[in-house]
Amino acid sequence: MDPVKNPYAPGAGTRPPELAGRQEILDAAGIAIQRVQAGRFAKSFIFIGLRGVGKTVLLNEVTRIAERLGCNTSPPKV
Ligand SMILES: Nc1ncnc2c1ncn2[C@@H]1O[C@H](COP(=O)(O)OP(=O)(O)OP(=O)(O)O)[C@@H](O)[C@H]1O
Ligand SMILES: [Mg+2]
């Protein structure tokens with residue numbers, strides 16, 4: 001295996017080369033964000049699961065979607 005092209009990239013929150021099997025969740029998150037932007041009701045999300053199942057990667061991806069939709073995702077300054 002060419003180490004430069006090796007797709008195996010383990011790490012906490014590391015974006016994988018292919019975010020497998022999560023499109024439905026990401027679509028639902030995008031819809032929820034747009035509904036809130038339009039002043040409509042949307043259910044909150046909580047990602048739960050075993051260690052390493054991909055919660056942090058999903059949260060980071062939802063952050064990217066929110067930024068693309070024009071949201072400010074910076075943490076509040078205290
Ligand atoms: N859908 C996916 N497809 C492929 N690889 C994934 C997927 N989700 C996560 N991974 C990979 O799995 C690893 C662990 O992901 P992540 O750190 O998001 O897990 P976690 O659930 O937040 O773990 P922890 O419970 O330890 O915080 C990372 O290397 C990530 O790239
Ligand atoms: Mg995590």
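For ligands, and for the atoms within them, numbers begin at 1 and follow the listed sequence. Values in this document were obtained by computation on a predicted structure and should not be read as measured data.
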Side chain to side chain contact (heavy atoms under 4.5 Å, CB included) partners for N72, two or more places apart: S74
Do any N or O atoms from the side chain of [X] and from the backbone of [Y] form a donor-acceptor pair under 3.5 angstrom?
{"X": "K43", "Y": "A32", "value": "no"}
{"X": "Q37", "Y": "L69", "value": "yes"}
{"X": "R35", "Y": "R40", "value": "no"}

field: Near ligand 1, at a heavy-atom separation below 4.0 Å: residues by chain and residue number
entry: A9, P10, G11, A12, G13, T14, P16, E18, L19, A20, R22, L50, R51, G52, V53, G54, K55, T56, V57
- request: Could you pull out the closest heavy-atom pair between V36 and A42, with the gap in Å?
  value: CG2-CB, 3.9 Å
message: Set out, in order, the CA-CA distance, both residues' side-chain angles and the distance that settles salt bridge (Lys or Arg N to Asp or Glu O under 4.0 Å) for R64 and E67, then state yes or no.
response: CA-CA 5 Å; R64 278 188 205 97; E67 290 280 353; over 6 Å; no
